[in-house]
Amino acid sequence: MSQKQRILQVHPDDNVLVALTDLCKGEELLFNGERYTLTEDIAAKHKFFMQDLEAGDSIIMYGVLVGKAQTAVARGSRMSTGNTKHAAEPYAYRPSQYTWKAPDVSRFANRTFLGYHRSDGRVGTANYWLFIPTVFCENRNLDVIREALHTQLGYAVTDKYKQKTQLLVELYKSGADIPNADLTIHESMVKTQRVFKNVDGIKFLNHQGGCGGTRQDAATLSRLLAAYADHPNVAGVTILSLGCQHLQTQELLNDIKKRNPGFDKPLYVFEQQQSQSEEQLITEAIRKTFSGLIQINQLERKPASLDKLCIGVKCGGSDGFSGISANPAVGYCSDLLVALGGKILLAEFPELCGAEQQLIDRTNDEAAAKKFIHLMRTYSEAAEKAGSGFDMNPSPGNIKDGLITDAIKSNGAAKKGGESPVVDVLDYTEPATKAGLSLVCTPGNDVEATTGKAASGATLILFTTGLGTPTGNPVCPTIKVATNSALATRMSDIIDINTGAIIEGEKTIQQMGEEILEYCIKAASGEVIPKAVLLNQDDFIPWKRGVSL
């Protein structure tokens, strides 16, 4: 992409062009020897038609069908929800011997990261203690314990807001002008020293399940919580149970052992209905956990080869540049890691709508390909029965910034998975066991998807965004990758990597992909801390397997 380029054809077969900057009505643009006169303003990230189309004609982007014209459209006019409707080609299994040329990884040969080695051979990128409630009734007790431990042990990030509130109280008492008051708090005033230098955090999985729903919901939640207890980034666990809930503690313990028969982390269980009082329950939970923290603080980071990394790739708050800059750059990073023997997890099944056939063709194992087809069709049918569908997935923000149909959004989203073969297909909470690219069944919903990726074993998550989102995960460091420089500048407090240089013609997708992998190595080693981790953006939402897009 040249520095002066203002429009882009993503694939040679496309009949739309993407505006890389704001374009004005009446402008004449030259592309591949042809002149295009714009019939209206085209905002950056949006598309305009390369030819006149009649109602029902196919609209092609990324080289595939992404929509159908709903009305006659003129060459040079803007694609919109008024003239374009989602459409995608049908998909089916067909024998394929997909071949892939791996990228040059000589730059990363013999590279290592500093991680926490677990007894089963897996390596974590962090060392967390995890609190798990078996039922929502214990959420308040978790909140009390969090308040007690975070500040005293040096993990709080909200103290500056407490200081701001205290400052407001003092100003109010003194009769000061509150609306215009200076609430600047210097970081030195709120920083606290960590007591345990090798414990990266104490995390809490507050949720709304465990009872009151179906028994199937409780069983799914149990498998999810077991996956988090067994996660490579988790070193120890405290479980709080009420006692009478659907999700019994023994069921959770059974699921942990089923997932990992050699599970040997310190694990403590407290049941409120068997305790003398709430104070006794919380006091003993804190006392026992403190002893566990002393134990896991003995662990230290040690070198590990890059094949021990498992990276989940996710997009949220997507825009019209997502499939052009950040997602392909993350995809190239994915290919690099696969070539190095690592694992990549691509999820968000509603955001693979329209990209199914290429993913099926990249799946050389017939059983895995058919599993993907079954999961996709079952999920899609459930959405349709509820009066919705994958075509209703794009949010108002997505549409406003150029993602007009779900097929456009999905084909751009699929770019995060790179070009390597699909080695496995995982249902929700199933662990990734094979090196290479695996597809994981989750919703597109940001938090439900990141929750599911961590359950399948992601030890880092690369999260691309064009509009900005504060999403993180309790046990899996989440790295935010901006699609454009304006976002990276405006929301610098949450963005870690800016791929806007691709849009501006200053860097290639390959260059940015290598930079992203370099950042991942540093993040996995604890040398840099992603913004989501610094801000304790610990979002956790279990998926009940209902309709969630």
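Given the structure is predicted, the values throughout are model-derived calculations rather than measurements.
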Rounded at 0.5 Å granularity, tell me how far OG1 in Thr84 sits from CD1 in Ile408. 7.0 Å
Distance from Ile399 atom CD1 to Ser80 atom OG, nearest 0.5 Å? 10.5 Å
Hey, is the main chain of Ile503 close enough, under 3.5 Å, to the side chain of Ser325 for a donor-acceptor pair? no
Using the side chain to side chain donor-acceptor pair (under 3.5 Å) rule, pick out the option among Thr478, Thr471, Asp446, Thr450 that qualifies with Lys314. Asp446
Side chain to side chain donor-acceptor pair (under 3.5 Å) with Thr125: which residues, sequence neighbours excluded? Asn233
Mind checking what makes side chain to side chain donor-acceptor pair (under 3.5 Å) contact with Lys203, not counting sequence neighbours? Asp538
Tell me which pairs pass ring pair (Phe, Tyr, Trp, His ring centres under 6.0 Å) where either residue lies in residues 463-484, with sequence neighbours left out. none
Drop me the distance from Ser96's OG to Ile360's CD1, to the nearest 0.5 angstrom. 10.5 Å
Exam field: side chain Thr21 to backbone Ala19, donor-acceptor pair closer than 3.5 Å: no
Which pair of heavy atoms, one from Ile324 and one from Ile502, lies closest together, and at what distance? O-CG2, 4.0 Å
Is the closest side-chain heavy-atom distance between Gln358 and Arg362 below 4.5 Å? yes
Taking only distance into account, with no hydrogens and no angle test, what donor-acceptor pairs under 3.5 Å do side-chain atoms of residues 411-425 form with protein atoms, sequence neighbours excluded?
from	atom 1	to	atom 2	distance (Å)
Asn411	ND2	Ala407	O	2.8
Lys416	NZ	Glu348	OE1	3.4
Lys416	NZ	Ala413	O	2.9

Using a 3.5 Å distance criterion without hydrogens, assess whether the side chain of Ser77 forms a donor-acceptor pair with backbone atoms of Val73. no
Side chain to side chain donor-acceptor pair (under 3.5 Å) filter on Gln357, not counting sequence neighbours, yields Asp361
Distance col, row Thr433:OG1 vs Glu430:CD, nearest 0.5 angstrom, shows 9.0 Å
Partners passing ring pair (Phe, Tyr, Trp, His ring centres under 6.0 Å) against Tyr428 (at least two apart in sequence or in another chain): Trp543
Check whether the side chains of Ser485 and Glu504 place a donor and an acceptor atom closer than 3.5 Å, and report yes or no. yes
Is Arg75 salt-bridged to Glu34, cutoff N-O under 4.0 Å? yes
Phe321: ring pair (Phe, Tyr, Trp, His ring centres under 6.0 Å) partners, not counting sequence neighbours: none
Looking only at non-hydrogen atoms, find the nearest pair between Ile373 and Ala92 and report the distance. CD1-C, 4.0 Å
Is a donor on one side and an acceptor on the other found under 3.5 Å between the side chain of His207 and the backbone of Leu221? no
Check: Leu359 main-chain N/O paired with Thr363 side-chain donor or acceptor under 3.5 Å: yes
Salt bridge or not between Glu27 and Arg6? Use side-chain N to carboxylate O under 4.0 Å. yes
Which distance, rounded to the nearest 0.5 Å, do you find between the SG of Cys441 and the CE of Met376? 8.5 Å
Tell me whether Lys370 is salt-bridged to Glu366, with the criterion being a basic N under 4.0 Å from an acidic carboxylate O. yes
For Phe349, all residues meeting ring pair (Phe, Tyr, Trp, His ring centres under 6.0 Å), sequence neighbours excluded: Phe372
Taking only Lys NZ, Arg NE, NH1 and NH2, and the carboxylate oxygens of Asp or Glu, determine whether Lys25 and Glu40 approach each other closer than 4.0 Å. no
Modelled atom types, side-chain donor and acceptor of Glu384 and Ser388, under 3.5 Å: no
Strictly distance-based, threshold 3.5 Å: is any side-chain N or O of Asp496 a donor or acceptor partner for the main-chain N or O of Ile479? no
Residues in side chain to side chain donor-acceptor pair (under 3.5 Å) with Thr429, at least two apart? none
With Leu183, which residues qualify under side-chain contact (heavy atoms from CB on, under 4.5 Å), at least two apart? Lys164, Leu167, Leu168, Leu171, Ala181
Look at the side chain of Lys343 and the backbone N and O of Val338, then say whether any donor-acceptor pair between them is shorter than 3.5 Å. no
So side chain to side chain donor-acceptor pair (under 3.5 Å) across residues 42-68, not counting sequence neighbours, yields Lys45-Asp319, Lys45-Asp401
Partner set under ring pair (Phe, Tyr, Trp, His ring centres under 6.0 Å) for Phe540, not counting sequence neighbours: Tyr228
Does a side-chain heavy-atom distance below 4.5 Å link Ile42 with Leu17? no
Got a donor-acceptor contact below 3.5 angstrom from the Glu448 side chain to the Asn445 backbone? no
Within the side chain of Thr451, is there an N or O that forms a donor-acceptor pair under 3.5 Å with the backbone of Ile541? yes
Using only atom types and a distance under 3.5 Å, with no angle test, would you say the side chain of Asp335 pairs donor to acceptor with the backbone of Tyr332? no
Interatomic distance, CG@Leu336 vs CG@Asp104, rounded to 0.5 Å, equals 9.0 Å
